[in-house]
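Letters go in sequence order (proteins before strands), and every chain restarts at 1. All figures in this text were calculated on a predicted structure; none of them were measured in a lab.
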2 protein chains.
Amino acid sequence: MEIQIDIDDKVPLFTQVMEQIKQAVSSGDLAAGSPLPAIRQLASDLGINNKTVAKAYRLLERDNVIQTKGYRGTFIHPDAIENCTTDLNIWVTTELTKSITAFRHANVTDSEIRIAFADVMNTNETKGN
Amino acid sequence: MEIQIDIDDKVPLFTQVMEQIKQAVSSGDLAAGSPLPAIRQLASDLGINNKTVAKAYRLLERDNVIQTKGYRGTFIHPDAIENCTTDLNIWVTTELTKSITAFRHANVTDSEIRIAFADVMNTNETKGN
DNA sequence: TAATGTACCCATACATCATAGGGTACATTA
DNA sequence: TAATGTACCCTATGATGTATGGGTACATTA
């Protein structure tokens with residue numbers, strides 16, 4: 001398990017970590033059940049912050065690509081192969097595109113769309129992230 | 001027809017202009033067909049920029065609250081009373097709320113939603129505004 | 001000539017947010 | 001005791017978008 005990080009890349013660090021783990025799962029380098037490095041360990045190896053690796057792990061767990069087992073560590077999810085190809089963001093983008101296209105067709109200003117979006121995001125707050 | 005502008009209000013100036021004209025229509029102070037001040041005139045009276053008043057007029061015309069007749073000036077739309085109560089933004093907000101609620105329920109991060117939103121807004125560009 | 005709405009260029013001040021980091025602390029369990 | 005994931009505090013930087021302004025110009029028509 002080796003991860004290469006490019007600090008100068010425009011791609012966010014946590015995204016680079018996510019993509020490389022997913023890619024390792026897809027290529028078979030990481031089989032279901034395989035242990036992953038501890039958060040602090042991987043962050044130290046890559047020379048980046050704990051929180052950055054933790055963020056990548058958190059997102060990967062949400063996507064059911066990895067599993068965290070508390071003090072025992074983190075492992076590849078049993079269904080990782082299927083789940084690391086499905087992209088939640090594609091669905092989000094598709095849905096938003098449908099709505100925004102309709103708004104623009106009704107001559108709603110981009111500014112107005114952005115204002116309304118910001119309103120919705122801020123009034124119904126969510127805690128983390 | 002008098003419009004009061006509060007520079008220190010957080011509400012944008014063009015919004016204040018829009019709201020007061022709509023309110024004057026609703027209260028009957030401005031009847032259908034009544035002429036509105038010229039853009040440069042009103043801007044001068046209020047001590048604000050031409051573009052700010054022009055923006056308010058542009059949006060009001062889109063909402064069919066006013067009508068511009070080229071060199072002849074701007075007038076209250078025949079159906080202004082009905083149209084100044086219907087708010088396009090309510091529809092936009094409702095639609096976005098539905099989508100965003102679904103995203104959050106699927107554990108999509110607010111950051112991810114914002115990124116996807118910005119992508120959609122920027123890839124399919126529109127010209128003005 | 002003068003006034004109308006409209007369009008384009010430029011710029012600035014301000015707010016919001018994503019990313020990333022530094023630090024500390026917690027409960028759990030070998 | 002040591003390591004696990006996790007949660008919270010605070011900070012800084014860069015990107016982006018809004019609102020507003022200044023200026024110039026256009027075709028149209030009284």
Side-chain angles (χ1 to χ4, degrees), chain A residues 5-18 35-44 46-62 66-75 109-119 121-122 125-129, chain B residues 5-18 35-44 46-62 66-75 109-123 125-129:
Chain A
I5 290 296
D6 181 5
I7 302 286
D8 298 328
D9 198 330
K10 321 91 186 164
V11 179
L13 300 180
F14 77 91
T15 304
Q16 293 185 42
V17 173
M18 287 181 68
L36 270 75
I39 288 180
R40 293 171 179 80
Q41 181 63 48
L42 181 54
S44 171
L46 298 177
I48 63 180
N49 194 282
N50 294 340
K51 297 173 64 67
T52 304
V53 177
K55 182 175 183 178
Y57 275 29
R58 191 189 331 129
L59 274 311
L60 285 171
E61 184 173 32
R62 182 205 55 187
I66 68 177
Q67 263 181 333
T68 66
K69 305 198 174 181
Y71 63 96
R72 246 166 300 174
T74 307
F75 305 88
T109 295
D110 278 15
S111 291
E112 291 173 308
I113 299 175
R114 288 197 169 94
I115 303 284
F117 175 81
D119 277 359
M121 293 297 290
N122 291 335
E125 285 285 9
T126 49
K127 36 248 171 166
N129 305 105
Chain B
I5 291 296
D6 181 6
I7 302 287
D8 298 328
D9 198 331
K10 322 92 187 161
V11 178
L13 300 180
F14 78 92
T15 304
Q16 294 185 40
V17 174
M18 287 182 67
L36 269 76
I39 288 180
R40 293 172 179 81
Q41 181 63 48
L42 181 54
S44 171
L46 298 175
I48 63 180
N49 195 281
N50 294 341
K51 298 173 63 69
T52 304
V53 177
K55 184 174 183 178
Y57 276 28
R58 191 188 333 128
L59 275 310
L60 285 172
E61 183 173 33
R62 182 206 55 188
I66 69 178
Q67 264 181 333
T68 67
K69 306 198 174 181
Y71 63 96
R72 246 166 302 173
T74 307
F75 304 87
T109 294
D110 277 14
S111 293
E112 291 173 308
I113 299 176
R114 288 197 171 95
I115 303 282
F117 175 80
D119 277 358
V120 175
M121 293 297 288
N122 291 334
T123 56
E125 285 284 7
T126 49
K127 33 251 169 163
N129 304 105

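Nucleotide dA30(D) is matched to dT1(C) when pairs are restricted to Watson-Crick or G-U wobble geometry with both distances under 3.5 angstrom. With a 3.5 Å ceiling on both atom-pair distances, the Watson-Crick or G-U wobble partner of dG23(C) is dC8(D).
When heavy atoms are screened at a 4.0 angstrom cut-off, Gln41(A) is found touching no nucleic acid atom at all.
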Please walk me through it: do Thr52(A) and Asn50(A) pass side-chain contact (heavy atoms from CB on, under 4.5 Å)? CA-CA 5 Å; Thr52(A) 304; Asn50(A) 294 340; over 6 Å; no
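Rounded to the nearest 0.5 Å, atoms OG1 (Thr68(A)) and CD1 (Ile39(A)) are 8.0 Å apart. Between Met121(A) atom CE and Ile113(B) atom CD1 the span is 4.5 Å, to the nearest 0.5 Å.
Comparing Thr15(A) and Arg72(A) against DNA chain C, the residue whose closest nucleotide sits nearer the 5' end is Thr15(A). A residue-by-residue look at Val11(A) and Ala118(A) shows that Ala118(A) has its nearest nucleotide of DNA chain C further toward the 5' end. Checking Arg40(B) against Lys51(B), the closest nucleotide of DNA chain D that is more toward the 5' end is the one next to Lys51(B).
If you take CG of Asn49(B) and P of dG23(D), they are 10 Å apart, rounded to a whole angstrom. The CD1-P distance, from Ile48(B) to dA19(D), rounds to 13 Å in whole Å. Here dG14(D) presents its C1' atom at 14 Å from CG of Leu13(A), a figure rounded to the nearest Å. Here dG17(D) presents its C1' atom at 11 Å from NZ of Lys55(B), a figure rounded to the nearest Å. In this structure, Asp119(B) atom CG and dT16(D) atom P are separated by 11 Å, rounded to whole Å. Atom-to-atom, CG of Asn50(B) to P of dG22(D) comes out at 9 Å; the value is rounded to the nearest Å. We find that CD1 of Ile7(B) is positioned 17 Å from P of dA13(C), with the value rounded to whole Å. Atom OH in Tyr71(B) sits about 4 Å away from atom P in dA30(D), given to the nearest Å.
If you check dT29(C), dA18(C), dT6(C) against the side chain of Thr68(B), the one that comes closest is dT6(C). Comparing dA19(D), dG5(D), dT6(C) by their closest approach to the side chain of Glu61(B) singles out dT6(C). Side-chain proximity of Thr52(A) to the nucleotides dT4(C), dG21(C), dG5(D) is greatest for dG21(C).
The side-chain heavy atoms of Phe14(B) and Val53(B), taken from C-beta on, include no pair separated by under 4.5 Å. Two residues are said to be in side-chain contact when any heavy atoms from C-beta on lie closer than 4.5 Å; Thr109(B) and Arg62(A) meet this criterion.
For dT16(C), neither phosphate oxygen OP1 nor OP2 lies less than 4.0 angstrom from any side-chain nitrogen or oxygen of Asn122(A). Phosphate contact (OP1/OP2 of dT4(C), side-chain N/O of Thr74(B), threshold under 4.0 Å): absent. OP1 or OP2 of dA18(C) sits under 4.0 Å from a side-chain N or O of Ser111(B).
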